[in-house]
Amino acid sequence: SPPGPVSPARPAPERQGRSGSAADLGGNPGDAAPPVFYAFDTPPRATRRVEPEYPTLAREQGAQGTVIVNANIDERGRIMRVWVVQSTAPEVLIQAAIDAIYQFEFSPGSEHGYPVKCTVAIPFDFRLSNNL
């Protein structure tokens, strides 16, 4: 599908996912910095989306699931930080989603017409079709 708007991230009432794990690539593994959410009135737009690679071993094992990743985007549209909010997928698919998000490109979001830092949520669905 063509690049388009992404969803504004909303803080979850309860933090799900993998706080402090290597999947929280905002710093070093074990870095317990809390997620940061930025306000904006116009969300950033993904100008380049990358479909995650479905690892062969995961495909052969029938691994499926959804990974929701939040990303902090700076005033120039660059990814500053990524963290997993929620996942029903195994680690190998989580890593594939994180690898893909870092290849996305964005136009910046804005507040009152000025580019600002934003937080967006990006879901990745890993589903196997019946015709392997």
Query raised in the report: How long is the span from the CG atom in N70 to the CD1 atom in I101, to the nearest 0.5 Å?
Result: 9.5 Å
Report task. Mind checking the CZ-CZ spacing from R45 to F106? Nearest 0.5 Å is all I need. Result -> 11.5 Å
Query raised in the report: Does some side-chain heavy atom of V67 sit less than 4.5 Å from a side-chain heavy atom of F126?
Result: yes
Query raised in the report: What distance separates T119 OG1 from N72 CG, expressed to the nearest 0.5 Å?
Result: 4.0 Å
Query raised in the report: Which atom pair, heavy atoms only, marks the closest approach of P90 to A63?
Result: CG-CB, 3.7 Å
Report task. Provide the closest heavy-atom pair for R127 versus G65 in the form atom of the first, atom of the second, distance. Result -> NH1-N, 3.3 Å
Query raised in the report: What distance do R76 atom CZ and I79 atom CD1 have between them, rounded to the nearest 0.5 Å?
Result: 14.5 Å
Query raised in the report: Would you say V84 and I98 make side-chain contact, with heavy atoms under 4.5 Å?
Result: yes
**Report entry** Face-on cation placement of R59 at Y54 ring, 6.0 Å and 45° thresholds
**Finding:** yes
**Report entry** Qualifying residues under side-chain contact (heavy atoms from CB on, under 4.5 Å), relative to S110, sequence neighbours excluded
**Finding:** D41, T42
**Report entry** Short side-chain to backbone donor-acceptor contact, T66 and T88, under 3.5 Å
**Finding:** no
Report task. Please indicate whether Q103 has more than 12 foreign heavy atoms, meaning atoms of other residues, nucleotides or ligands, lying under 6.0 Å from its CD. Result -> yes
Query raised in the report: So, do F124 and L93 sit near enough that their side-chain heavy atoms are less than 4.5 Å apart?
Result: no
**Report entry** Donor-acceptor under 3.5 Å (S107 side chain, P44 main chain)
**Finding:** no
Query raised in the report: Between atom CG of D74 and atom CZ of R81, what is the distance when rounded to the nearest 0.5 Å?
Result: 14.5 Å
Requested in this report: Determine which pairs satisfy salt bridge (Lys or Arg N to Asp or Glu O under 4.0 Å) with at least one residue from residues 114-123, sequence neighbours left out, and list them in order.
Outcome: none
**Report entry** Nearest-0.5 Å distance that lies between atom CD in E111 and atom CZ in F40
**Finding:** 9.0 Å
Query raised in the report: Has the side chain of Q86 got a donor or acceptor atom that lies under 3.5 Å from a matching backbone atom of I68?
Result: no
Report summary line: By side-chain contact (heavy atoms from CB on, under 4.5 Å), P115 pairs with (sequence neighbours left out) E75, P108
